[in-house]
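Let me begin by presenting the structure, written as structure tokens, before commenting on it.
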Amino acid sequence: MMSRNKKILSPTYTELIVPTYQALIKLGGSGTNNEICEQVIKDLQLSDEVVDESHLGSESQTELEYQLAWARTYLKNFGVIINSARSVWSITPDYTTGVELDAREIVSYTANRNAERRKGRRKIEEVNCENPDDGIAENDETEYPDEIKPWRQRLAEVLQNMDPYGFERLTQRVLRECGFTQVEVTKKSGDGGIDGTGKLKINGIFSFNVAFQCKRYKGAVGASDIRDFRGSLTTDIEKGVFITTGVFTRAAKEEASNPGKQQIDLIDGEEFINKIAQYGIGVREVITYEIDEEFFEKI
């Protein structure tokens, strides 16, 4: 059984279940992971210290994002929300009108369901329905959310330990798979300026000159890094893309989207891993099956 020694600043997944549901209602019934996260931050008025807290053992995810991933999983197990192949979450028909939810009941449902599944394999103690939540989602033997499956953590470690030039070539490959052309690495080992350039054509008509910086980074990229990158952009560059294996602080995100300045698109470690998986670059999908032991007992 897992235990937590470090007290986290972020709300726990149990505390985020209802805010996640309410955020989706405010978003019109559906939203991406990032949209849900931003809405929850706004609704709960979370401080920068809480928002920027890194998840223990992860260089590419914040603690808040980690806890939100589990909150969505429990809501999904309970039938409140579903997700599409494009990672868009939506509220199911029975809950679209804004039902009052009990977070403890939702956590208890998953904990008790998984306890029932274990009964056929080993003798277990009865789950305490009054207090099934110990704050450690992994102890419920719930399947990991897609965003925090073990292979993602291992890939994040691999990316962190890559040769710097190899990482730049990988970034070049990912951008090409995303539709960029004429992608060139303009210098070796970035120092805050432009690492490379390329062209992006939208709908086969509109072309943009794009500059990118790729930073293998443990921890959070701050607003000053965004400002330095923006300051290095020449007048012929129409778009800037900042790629990191880490995360961006709230201040960095605000700086990148500052309406009075040139917009900078951000790709953090989680999104970079999503792209690697989407295009099958150095990874391959492995299909697994969940065994319904109750079916075999009752057939």
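This is a predicted model, so every value here is computed, not measured.
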**Distance-minimising heavy-atom pair for Q213 and F242** = OE1-CE1, 3.0 Å
**Asked** To the nearest 0.5 Å, how far apart are CG in D102 and OH in Y109?
**Response** 15.0 Å
**Asked** Checking E53 side chain against L9 main chain: does a donor-acceptor pair fall under 3.5 Å?
**Response** yes
**Prompt:** Which atoms form the tightest heavy-atom contact between T171 and C214, and what is the distance?
**Reply:** OG1-CB, 3.7 Å
**Item:** Donor on one side chain, acceptor on other, D236 and T234, under 3.5 Å
**Value:** yes
**Asked** Under a 4.5 Å cut-off applied to non-hydrogen side-chain atoms, are Y21 and V99 in contact?
**Response** yes
**Asked** If only atom types and distance count, is the side chain of R173 paired as donor or acceptor with the main-chain N or O of I281 below 3.5 Å?
**Response** no
**Residue pair D265 / K239, side-chain heavy-atom distance below 4.5 Å** = yes
**Asked** With F248, which of D268, D225, I267 fulfils side-chain contact (heavy atoms from CB on, under 4.5 Å)?
**Response** D268
**Asked** Nearest 0.5 Å, what's the CG-CD1 distance between L68 and I41?
**Response** 8.0 Å
**Prompt:** Within a strict 4.5 Å, meaning less than it, do heavy atoms of the Q39 and Q22 side chains meet?
**Reply:** no
**Request:** State whether the side chain of R176 and the backbone N or O of V183 hold a donor-acceptor pair below 3.5 Å, judged by distance alone.
**Result:** yes
**Message:** Testing L16, D52, V50 one by one against L64 for a side-chain contact (heavy atoms from CB on, under 4.5 Å), which residue passes?
**Reply:** L16
**Item:** Nearest heavy-atom neighbours spanning L266 and A252
**Value:** CD1-O, 4.3 Å
**Asked** For the side chain of T92 and the backbone of V80, is there at least one donor-acceptor N/O pair under 3.5 Å apart?
**Response** yes
**Asked** Does some side-chain heavy atom of I194 sit less than 4.5 Å from a side-chain heavy atom of F229?
**Response** yes
**Full working for side chain to side chain donor-acceptor pair (under 3.5 Å) between N161 and E157** = CA-CA 6 Å; N161 294 316; E157 293 171 356; over 6 Å; no
**Asked** Can you check side chain to side chain contact (heavy atoms under 4.5 Å, CB included) on I264 and L233, steps first, answer last?
**Response** CA-CA 11 Å; I264 305 296; L233 301 180; 3.9 Å; yes
**Request:** Could you tell me how the ring of W70 sits relative to the ring of Y66: parallel (under 30°), tilted (30 to 60°) or perpendicular (over 60°)?
**Result:** perpendicular
**Message:** Applying a strict under-4.5 Å side-chain criterion to I, L, V, M, F, W and Y, I'd like to know whether Y95 and I82 cluster together.
**Reply:** no
**Prompt:** Is there side-chain contact between F78 and T110, with at least one heavy-atom pair below 4.5 Å?
**Reply:** no
**Nearest heavy atoms of P19 and E15, plus distance in Å** = CD-O, 3.2 Å
**Asked** Just wondering, do T249 and D48 contact through their side chains at under 4.5 Å, heavy atoms?
**Response** no
**Request:** Measure across P164 and R216 and return the closest heavy-atom pair with its distance rounded to 0.1 Å.
**Result:** CG-NH2, 3.3 Å
**Item:** Interatomic spacing from CG in N83 to CG in L75 - rounded to 0.5 Å
**Value:** 11.5 Å
**Asked** Can you list the steps and then say if F167 with F272 is a ring pair (Phe, Tyr, Trp, His ring centres under 6.0 Å)?
**Response** CA-CA 12 Å; F167 181 68; F272 194 66; 5.6 Å; yes
**Fill in**
In short, S207 meets E238 closest at the heavy-atom pair O-OE1, 4.1 Å
**Message:** Any heavy-atom pair between the side chains of R72 and P145 that's under 4.5 Å?
**Reply:** no
**Fill in**
Taken to the nearest 0.5 Å, the spacing of L175 CG from Q182 CD works out to 13.5 Å
**Prompt:** Please walk me through it: do T12 and Q67 pass side chain to side chain contact (heavy atoms under 4.5 Å, CB included)?
**Reply:** CA-CA 6 Å; T12 65; Q67 296 294 334; 4.2 Å; yes
**Request:** Give the C-alpha distance, both sets of side-chain angles, the deciding distance and a yes or no for side chain to side chain donor-acceptor pair (under 3.5 Å) between N209 and K199.
**Result:** CA-CA 5 Å; N209 291 323; K199 289 184 178 293; 2.5 Å; yes
**Prompt:** Less than 4.5 Å apart, any side-chain heavy atom of C178 and any of V174?
**Reply:** yes
**Request:** Show the numbers, then the answer: is there a side chain to side chain contact (heavy atoms under 4.5 Å, CB included) between I276 and L170?
**Result:** CA-CA 9 Å; I276 288 174; L170 174 63; 4.2 Å; yes
**Message:** Would you compute the distance between atom CZ of R227 and atom NZ of K261 and round it to the nearest 0.5 angstrom?
**Reply:** 6.5 Å
**Prompt:** At what distance, to the nearest 0.5 angstrom, does CD1 of I273 lie from CD of Q61?
**Reply:** 9.0 Å
**Asked** Y13 and V107: side chain to side chain contact (heavy atoms under 4.5 Å, CB included), yes or no, with the steps?
**Response** CA-CA 9 Å; Y13 62 88; V107 172; 4.1 Å; yes
**Prompt:** Is a side-chain N or O of Q263 found less than 3.5 angstrom from the main chain of N258, in a donor-acceptor match?
**Reply:** yes
